[in-house]
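Whatever order the structure lists them in is the order used to number ligands and atoms, beginning at 1. For the single chain, residues carry numbers from 1 onward in sequence order.
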Amino acid sequence: MSSIQADRSRPIGVFDSGIGGLSVLRAIRKELPDESLIYFADSAYAPYGDRTDSEIIQRSREVTQTLVALDCKAIVVACNTATAAAVAQLRSEVDLPIIGIEPGVKPAVERSLSKRVGILATRYTLSSAKYRSLVERFGATAEITVQACPGLVETLELPGDHSLRLAQLLDTYLQPMRAAKIDTLVLGCTHYSFLSEAIRTRLGTDVEILDTPGAVAREVHRRLAEVSALAQCSGTLPSIRYLTSAKDLAHSSAVVSKLMESNIVLEHG
Ligand code: DGL
């Protein structure tokens, strides 16, 4: 029996540059309610989307090592930017299932009737080789309008209500999507999941919004089942620990509690 099967109750580690990956954590909790989870928000280094390759790889490596040291049985890179920059490197260094996330270009092109698709993501993701390869493989039959969204991640990471600033940024970034008359919009950054209602209000119900946390959760399920490492039902709800690299725990706890609609206390990671 390999070590991954030896203790199926080991937690799954999930990380993002900040709070965006909580959208993936929520989806994993729903898909796999018997699993213990550890979430790492690398908020001291957010946003990743404006950083260099080597900075993102270095941070992804350090966070992954923290999660491995906490005995995680799988690592979920709940960040499109870190997946584009670092997932191949992490897979070559860590002997655990490592599941990434990428913009849903393929499902969007398949579902779009008009074949006019929009993609919102970070600057880094949109200029990455991984994204270019996605578009080459699956985007050829569609007209794709892309928009980088600097400012959205930073604003979502702030405590308090910043709906006015978010509304201004969304109005600006969704304008090219309206002009292009898209019928399908891909959310290519996990932070943007928390804005899907505000985006829907602006684009109307004729535009389908495609988000990938659910698909990632199903992939985590499939990968753990493949190696017989799914937790068994213990009758009690397994734990979720929240770690952060941010110095100000009160600030980070407030941001996470608001998004998760629950009182959450973060620990230093
Ligand atoms: N949430 C991240 C993503 O999915 C990145 C945000 C950032 O730090 O730039 O791309």
Considering all heavy atoms of both residues, which atom of Leu266 and which atom of Ser253 are nearest to each other, and what is their separation?
-> N-OG, 3.1 Å

Which bit of Val153 is near ligand 1, meaning a heavy atom under 4.0 Å away: side chain, backbone, both or neither?
-> side chain

Side chain or backbone of Thr81 under 4.0 Å from ligand 1, or both, or neither, by non-hydrogen atoms?
-> both

What heavy-atom pair brings Ser23 and Thr190 nearest, and what distance separates the two atoms?
-> OG-O, 3.2 Å

Gly18 heavy atom under 4.0 Å from ligand 1 | no

At under 4.0 Å between heavy atoms, which part of Ser17 makes contact with ligand 1: side chain, backbone, both or neither?
-> side chain

Nearest heavy-atom contact between Thr66 and Phe40 is CG2-CE1, 3.9 Å

What's the shortest heavy-atom distance between Ile12 and Lys73, and which atoms?
-> CG1-CE, 4.0 Å

Polar atom proximity, Thr122 to ligand 1 (N or O, under 3.5 Å) = no

Any heavy atom of Asn80 under 4.0 Å from ligand 1? The part involved is both

Nearest protein heavy atom to atom 9 (O) of ligand 1, by residue and atom, and its distance?
-> Gly49 N, 2.7 Å

N/O donor-acceptor pair under 3.5 Å between Ser257 side chain and Ile264 backbone | yes

For Cys189, take its heavy atoms, then give the atoms of ligand 1 lying under 4.0 Å from any of them.
-> 1 (N), 2 (C), 3 (C), 4 (O), 5 (C), 6 (C), 10 (O)

Contact atoms of ligand 1, heavy-atom distance to His191 under 4.0 Å = 1 (N), 2 (C), 6 (C)

Between Asp211 (side chain) and Ser193 (backbone), is there a donor-acceptor pair under 3.5 Å?
-> no

Is it possible for you to say whether Phe15 and Leu96 belong to one hydrophobic cluster, with membership spreading through side-chain heavy-atom contacts below 4.5 Å?
-> yes

Close-contact set for ligand 1 against Asp16 heavy atoms, below 4.0 Å = 1 (N), 2 (C)

Is Thr125 close to ligand 1, meaning an N/O of one under 3.5 Å from an N/O of the other?
-> no

Donor-acceptor under 3.5 Å (Arg10 side chain, Cys72 main chain) = yes

